[in-house]
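Chain naming here is simple, since letters A, B, ... match the order of the sequence lines and numbering starts at 1 in each.
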Amino acid sequence: MRTREASDSGLVTRPNRRFFATDAATLAKRLIGCRLVRVLSDGERLSGVIVETEAYLGVQDRASHAFGGRRTARNEAMYSPPGTSYVYFTYGMHFCMNVVCGAVDEPAAVLLRALEPSEGLARMRLFRATPSRPAPADTDLCSGPGNLCRALAIDRALNGVDLVESDQIWVERGGFGRLRLETSPRIGIPNAGEWVDKPLRWFVAGHPHVSAGAAARSGEQGVRKKPLQRRGGKSR
DNA sequence: CCACAGATTCTCT
DNA sequence: GAGAATCTGTGGC
């Protein structure tokens with residue numbers, strides 16, 4: 001296990017490959033409360049705490065890009081070792097980021113759906129700005145898989161990157177107490193037959209940064225609770 | 001608040 | 001040529 005100086009709270013741990021080498025449902029839960037860190041080419045560090053994930057189980061999962069063992073140029077990264085990133089382009093304009101898990105050649109992955117932004121919010125706001133909304137609210141910056149990627153400048157270039165070794169993007173273990181998790185069916189997979197309704201999405205209960213469409217579909221009312229706080233956290 | 005349509009282009013059949 | 005692990009703006013109540 002390597003350690004690394006965090007910018008705000010002393011030593012934090014960066015997980016090794018074993019952390020990722022588990023089934024998708026386990027990793028989906030495990031990643032909640034961890035921090036996703038992105039270092040831009042100019043050196044600026046952006047990060048956020050993962051608050052919403054979805055598990056894509058493997059060849060048997062009809063909602064997965066690797067259903068039935070499908071293996072193409074696009075989803076090739078799913079067949080890489082656990083801890084690899086799988087970034088794909090969809091709907092003609094959005095990127096989505098997954099963390100590959102399972103064993104080598106077992107195409108399982110966890111989709112990152114929302115973060116509570118921690119570092120680099122001003123830069124994220126720039127990346128997420130549109131003419132009609134030049135300064136998006138903090139709760140909108142990284143809520144939803146496409147938004148998260150835009151806020152952190154995650155695109156094709158980060159497909160297939162090794163999150164265990166990369167200095168551009170990685171995960172750090174959570175420093176939080178026990179988080180109350182909820183599950184729901186996954187979002188946006190209407191044609192996955194019996195897999196549509198399986199509870200393979202996890203999120204922090206009542207968390208304001210969970211993606212909006214998702215909250216609606218899980219029966220949440222627009223609950224606004226406190227953001228996450230570091231356990232024993234020293235305030236900066 | 002909710003529902004719906006449109007955007008936009010890649011990927012595989 | 002169809003469909004996509006999405007998001008946003010618009011229009012209705």
Side-chain angles (χ1 to χ4, degrees), chain A residues 24-25 27-28 31-32 36 50-79 84-102 107-115 117 124-125 127-160 183-203 208-224:
Chain A
L27 185 65
L31 283 173
I32 302 264
L36 179 66
I50 298 167
V51 296
E52 179 183 351
T53 59
E54 281 177 2
Y56 288 84
L57 269 39
V59 298
Q60 77 275 25
D61 182 352
R62 189 164 158 191
S64 171
H65 291 166
F67 174 61
R70 203 159 60 99
R71 182 168 187 167
T72 65
R74 172 163 91 146
N75 73 357
E76 182 60 32
M78 293 187 80
Y79 292 83
T84 302
S85 74
Y86 168 43
V87 179
Y88 67 88
F89 182 73
T90 191
Y91 290 106
M93 60 189 88
H94 300 293
F95 292 98
C96 293
M97 175 175 171
N98 294 255
V99 178
V100 174
C101 56
V110 174
L111 173 68
L112 304 182
R113 289 197 55 93
L115 311 179
M124 294 183 192
R125 233 171 263 127
F127 289 148
R128 290 273 292 114
T130 61
S132 62
R133 228 184 28 170
D138 292 358
T139 47
D140 291 336
L141 291 178
C142 302
S143 298
N147 290 340
L148 176 167
C149 285
R150 181 162 291 273
L152 270 60
I154 295 167
D155 64 18
R156 225 180 293 277
L158 294 181
N159 183 40
T183 66
S184 82
R186 293 171 293 183
I187 308 297
I189 50 159
N191 302 315
E194 75 208 49
W195 290 86
V196 167
D197 295 318
K198 295 194 186 289
L200 292 173
R201 168 177 171 253
W202 283 267
F203 55 98
H209 294 254
V210 166
S211 62
R217 267 163 276 200
S218 74
E220 298 239 313
Q221 316 291 353
V223 200
R224 299 268 143 168

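- Taking a cutoff of 4.0 Å between a charged side-chain nitrogen and a carboxylate oxygen, A:D61 and A:R186 qualify as a salt bridge.
- If you check every strand for non-hydrogen atoms under 4.0 Å, A:L111 touches a base.
- The separation between A:Y86 atom OH and C:dA5 atom C1' is 9 Å, rounded to whole Å.
- The side chain of A:R156 places no N or O atom within less than 4.0 Å of a non-bridging phosphate oxygen (OP1 or OP2) of B:dC10.
- To the nearest angstrom, C1' of B:dT13 lies 15 Å from CG of A:N75.
- Distance from the side chain of A:H94 is smallest to C:dC7 among C:dA4, C:dC7, C:dA5.
- Counting to the nearest Å, the C1' atom of B:dT11 and the CZ atom of A:R71 are 17 Å from each other.
- At whole-Å resolution of the value, CZ in A:R150 and C1' in C:dC7 are 10 Å apart.
- Taking the side chain as every heavy atom from C-beta outward, A:T53 and A:R113 never approach each other to under 4.5 Å.
- Rounded to whole angstrom, the span from the CE atom of A:M93 across to the P atom of B:dT11 amounts to 15 Å.
- Within 4.0 Å of A:A192, counting heavy atoms only, lies no atom of the nucleic acid at all.
- With a 3.5 Å ceiling on both atom-pair distances, B:dT8 lacks any Watson-Crick or G-U wobble partner.
- In this structure, A:R62 does not pair ionically with A:E194, as no charged nitrogen and carboxylate oxygen lie closer than 4.0 Å.
- The aromatic ring of A:Y91 does not sit over the base of B:dA7; the criterion of centres under 5.5 Å apart with planes under 30° is not met.
- With salt bridges taken as basic N to acidic carboxylate O contacts below 4.0 Å, none links A:R150 and A:D155.
- Using a 4.0 Å cut-off, some side-chain N or O of A:N147 falls inside it from OP1 or OP2 of C:dT8.
- Comparing C:dA5, C:dA4, C:dC7 by their nearest atom to the side chain of A:N191 picks out C:dA4.
- What separates CD of A:E54 from P of C:dA4 is a distance of 15 Å, to the nearest Å.
- A cation-pi arrangement, defined by a distance under 6.0 Å to the six-membered ring centre and an angle within 45 degrees of its axis, is present between A:R71 and A:Y79.
- Following rounding to the nearest Å, A:R186 (CZ) and C:dT6 (P) show an atom-to-atom distance of 11 Å.
- Distances from the side chain of A:T72 to the nucleotides C:dA5, C:dT8, B:dC12 place B:dC12 closest.
- Place A:T130 and A:N98 on DNA chain C by their nearest nucleotides, and A:N98 ends up nearer the 5' end.
- Atom pair A:F95:CZ and B:dC10:P shows a separation of 9 Å (rounding to whole Å applied).
- Dashed line: the shortest gap from a side-chain N or O of A:R70 to OP1 or OP2 of B:dC12 is not under 4.0 Å.
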